[in-house]
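Notes for the one structure printed next.
All residue numbers in this chain count up from 1 along the given sequence. Note that the structure is a prediction, hence the values are computed from the model and not measured.
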Amino acid sequence: MHLLLLISGCLLGWTGVWGQHDHHVTKEEKKVMLGDKVVLPCKVFKPDESATVHWLYVIPEGKGEKVQNILTAGPKGTNMENSEFKSRIDLKNNSKLEIVSLQVQDSKQFICRVEFQNGVTKESRIQLLVYKSPSEPELKMEQNGIQVTNETVQIGTCESKNGFPMPVIKWYKSDRPLRDGKDGVKIHTQVATGSTGLITVKSILMSPVQQSDSSALFYCDVSYSLPMGDHMLESERKNITVHYPTTSIKVYFKSPSEIIKEGDTVSLNCEGNGNPQPSYTLEKKGNDTTLSEDMPYSWNVSREDSGVYVCSSLDVDTLLELVKETTLYVYFLDPPVLPQSPVAVDLQSKMTVSCQANASNETVVHWKHDGNTIANGPVLNLDFVDYSAAGLYTCVVDLLDVTGMTTSKDISIAVQGSPQVSVTSQVIEVQDGETVTTNCTVFGYPRPLITWYINDTEVTSQAVIYDIKDNELKSELTLMVHKDFFNQSLKCVAFNRFNSSTAYIQLLEKSMTTPFSVTSSEFVSTWRDQGDWSTAEPIGTRAPEPESRIEKSYGIVIVIVIICILLLAFLGAVLYFLYKKGHIPCGRSGKKDITNPGAKDKIIVEMKPDSPAEESVLLTGSQEKRPSDQEKYIDLRN
């Protein structure tokens, strides 16, 4: 019995007649990546301890097929056949086939055949597909250059390696697909299979070449399939070198800007419309010396380089000579020419300064002083100059219609003459022991010598001199005041070879304001009828007073003057009141001119500030003359 089963197994493994007894077949596909593992299910298997499972794979043979047994599993156990899968397969759940480390060769059709005890046989087929993505396409274009031709020549190759199943390569020129047999295009494909079964595809592009192809970009792509769908990889884009004859040339300059200035780096280049470029000869017109045969020709230009440049080329095949010219104009601007600095000019005189600059074309000139534009044109006129005109003047020259091309030069003007002295204050109030600081400003050239004096004594050692600007000095004197300096003049004296000048500062003692009062017992004012008011004198003998007594202060003098004015107004009011009451009889017949210098009548007023105004007493002399009611005059002369 066992022998019969063994013979049956052998016959099943090497014959293709299994299908004639099978009436139950299912089919499906399984897609996996190279190197992965897969589990193939047996769709016709049902749990049955008496059933026998056979796993086989199909080997195509002509128009038919034969099968190869991999393993058999049944009531007697599992038997692994000696096949290429023996080390990589296993049986799962009594029916499923597991394959690990999948290879390209594993892309086969597998059969699961189940024999039941009742004699029924069923099978399911699974097509296993193994995939491997290829490498990116490598594009190689012809390196030596291709002459323009109507013949079909090789343009380049595109290769993609180690893919499975076989990828497909397509060609493009400037994003336009190229098809085999169209417009003279020929595409030849080479396929190579490695020992591992992976496929390398190489595609060769052949086509006629036109001059426009020099600017075309060629590339290829490779299309391939994976379990998750179709994919595509593109190569880089490349052009080809196309050779075609030169029919015209041009010559041109390259520079940092359109305006070429002296000192700029300039490149002179000859260029033709052919490829490769022919040989060129570069010369300057009027100069028989060849400048260069290598392009471009670069150098730092000067004004002497202005002129016409000639580029020529000779085609050795046709002996056709091509010539082209271009003109170079170099702009330049030299520094201005001015008189030797410094220039001396006499005080209160006139001066004219001229500024000239050598340039390639017309210029615009203006003058600046202390940062401000003071004149336009090449000539600077200074009329009736004073010391403020001294200093630095700048002549600025711009090249007309050329932005940024400018030059300048400075000239120093010195105004010479007698010193001019001024002080900040002509009167200074000081007090004994005080330290004061005063300034003296001096204009003059040549530089004046400054000396300070007080009481004809030189005090220059206590002064500091500062240079303010051209022709201007400042002397600052710090002085300790002594009472002997009161009411003296402080002198600032400046002199040079032309003359000297002096400025004076009066030193006055500072006033000290102190409250005071005046009583009737202290002063009696007396007016003498002599055409002038006499100074009010205190009655009695006055003790000697110190120099600092309060009567000397300005404040006291002002107070006394105000009091006197108020007293006079009060006196006039009293007299008028008494006259209206009839206490002072005045008539026309008794009228007397009190302004007569010979009059002996006197009016004495005694004022007591501490008493009410009504207590003032009017003391009269002779009463011979009385003013009338129509003539009410009081003549008080001062």
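Ser248 and Leu322 get closest at one heavy-atom pair: N-CD1, 3.9 Å. The nearest pair of heavy atoms linking Gln420 to Leu347 is NE2-CD2, 3.8 Å. Of all heavy-atom pairs between Cys311 and Tyr280, the closest is SG-CD2, 3.7 Å. Of all heavy-atom pairs between Thr407 and Pro335, the closest is OG1-CA, 3.6 Å. Nearest heavy-atom pair across Val442 and Pro448 is CG1-CG, 3.8 Å. Minimum heavy-atom separation, Asn358 to Arg303: ND2-NH1, 3.6 Å.
The shortest distance between side-chain heavy atoms of Asp410 and Ser341 does not fall below 4.5 Å. Annotation: side chain of Tyr393 is in contact with side chain of Leu382 (closest heavy-atom distance under 4.5 Å). Contact of the Leu479 side chain with the Thr435 side chain is not registered, since no non-hydrogen atoms from C-beta on lie closer than 4.5 Å. Considering only heavy atoms from C-beta on, Cys492 stays 4.5 Å or farther from Thr502 through its side chain. Annotation: side chain of Leu473 is not in contact with side chain of Ile468 (no heavy-atom distance under 4.5 Å). Counting heavy atoms from C-beta on, the side chains of Ser475 and Val464 never come closer than 4.5 Å. A heavy-atom distance below 4.5 Å is found between the side chains of Leu328 and Tyr309. For the pair Phe485/Asp432, no side-chain contact is recorded, criterion being any heavy-atom separation below 4.5 Å from C-beta on.
Side chain of Ser489 to backbone of Ile505: no donor-acceptor contact under 3.5 angstrom is found. Panel note: side chain Asp398, backbone Thr406; no donor-acceptor pair is recorded below 3.5 Å. Remark: side-chain polar atoms of Gln277 are paired, donor with acceptor, to backbone N or O of Gly272 under 3.5 angstrom. Of the possible donor and acceptor atoms, none in the side chain of Gln416 sits under 3.5 Å from a partner among the backbone N and O of Gly444. Checked by atom type and distance alone, the side chain of Asn496 pairs as donor or acceptor with a backbone atom of Gly417 at under 3.5 Å. Asp386 places a side-chain N or O within 3.5 Å of a backbone atom of Ser388 that can act as its donor or acceptor partner.
One distance of note links OG of Ser360 with CG of Asp334; it measures 9.5 Å at 0.5 Å rounding. Once rounded to the nearest 0.5 Å, the distance linking CG of Asn499 with CZ of Arg497 reads 12.0 Å. Remark: Asn487 CG to Leu507 CG distance equals 9.0 Å, nearest 0.5 Å. Expressed to the nearest 0.5 Å, how far OG of Ser174 lies from CG of Leu217 amounts to 5.5 Å. Within the model, atoms CG of Asp401 and OH of Tyr331 stand 8.0 Å from one another, a figure rounded to the nearest 0.5 Å. In this structure, Asn269 CG and Tyr297 OH are separated by 13.5 Å, a value rounded to the nearest 0.5 Å.
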Below 3.5 Å, can you tabulate the donor-acceptor pairs from side chains in residues 365-374 to any protein atom, sequence neighbours excluded?
residue	atom	partner	partner atom	Å
Trp367	NE1	Gly377	O	3.1
His369	ND1	Leu392	O	3.1

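Looking only at atom types and distance, the side chain of Asp294 has no donor-acceptor partner in the side chain of Ser292 under 3.5 Å away.
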>> What verdict does the side chain to side chain contact (heavy atoms under 4.5 Å, CB included) test give for Val343 and Met351, after you've listed the backbone C-alpha separation in whole Å, the side-chain angles of each residue and the deciding distance to 0.1 Å?
In response: CA-CA 10 Å; Val343 175; Met351 181 181 183; 2.9 Å; yes
>> Please evaluate residues Ser255 and Asp264 with respect to the criterion side chain to side chain donor-acceptor pair (under 3.5 Å), reporting the C-alpha separation (whole Å), side-chain torsions for both, the decisive distance (0.1 Å), and the verdict.
In response: CA-CA 7 Å; Ser255 64; Asp264 285 350; 5.9 Å; no
>> Working note: Thr457 + Asn455, criterion side chain to side chain donor-acceptor pair (under 3.5 Å); need CA distance, chi angles, decisive distance, verdict.
In response: CA-CA 5 Å; Thr457 302; Asn455 290 340; over 6 Å; no
> Could you walk me through whether Lys285 and Glu283 pass the salt bridge (charged side-chain N to carboxylate O under 4.0 Å, His left out) check?
Replying inline: CA-CA 6 Å; Lys285 211 167 189 177; Glu283 297 175 337; over 6 Å; no
> So Asn376 and Val364, side chain to side chain contact (heavy atoms under 4.5 Å, CB included) or not? Walk me through it.
Replying inline: CA-CA 8 Å; Asn376 294 311; Val364 177; over 6 Å; no
> Yes or no on side chain to side chain contact (heavy atoms under 4.5 Å, CB included) for Val323 and Val310, after CA distance, side-chain angles and deciding distance?
Replying inline: CA-CA 7 Å; Val323 179; Val310 181; 3.7 Å; yes
>> Working note: Lys491 + Asp456, criterion salt bridge (charged side-chain N to carboxylate O under 4.0 Å, His left out); need CA distance, chi angles, decisive distance, verdict.
In response: CA-CA 9 Å; Lys491 296 188 296 184; Asp456 296 326; 3.7 Å; yes
>> For a side chain to side chain contact (heavy atoms under 4.5 Å, CB included) check, start with the C-alpha distance between Glu271 and Met295, then their side-chain angles and the critical distance, and finish with the verdict.
In response: CA-CA 8 Å; Glu271 186 177 296; Met295 297 296 124; over 6 Å; no
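Residues passing the ring pair (Phe, Tyr, Trp, His ring centres under 6.0 Å) test with Tyr252, sequence neighbours excluded: none.
Heavy atoms from other residues, nucleotides or ligands lying under 6.0 Å from NZ of Lys324 number 12 at most. Remark: Lys474 NZ is loosely packed, at most 12 non-hydrogen atoms of other residues, nucleotides or ligands lying under 6.0 Å away. Environment of CD in Gln462: crowded, with over 12 heavy atoms of neighbouring residues, nucleotides or ligands closer than 6.0 Å.
Exactly one residue among Leu490, Thr437, Asn439 makes a side chain to side chain contact (heavy atoms under 4.5 Å, CB included) with Leu477. That residue is Leu490.
By the 4.0 Å N-to-carboxylate-O rule, Lys284 lies too far from Asp305 to be salt-bridged with it. Between Glu509 and Lys483 there is no salt bridge, since no side-chain nitrogen of the basic residue lies less than 4.0 Å from a carboxylate oxygen of the acidic one.
For residues 430-464, no pair satisfies ring-ring contact (aromatic ring centres under 6.0 Å, His included), with sequence neighbours left out.
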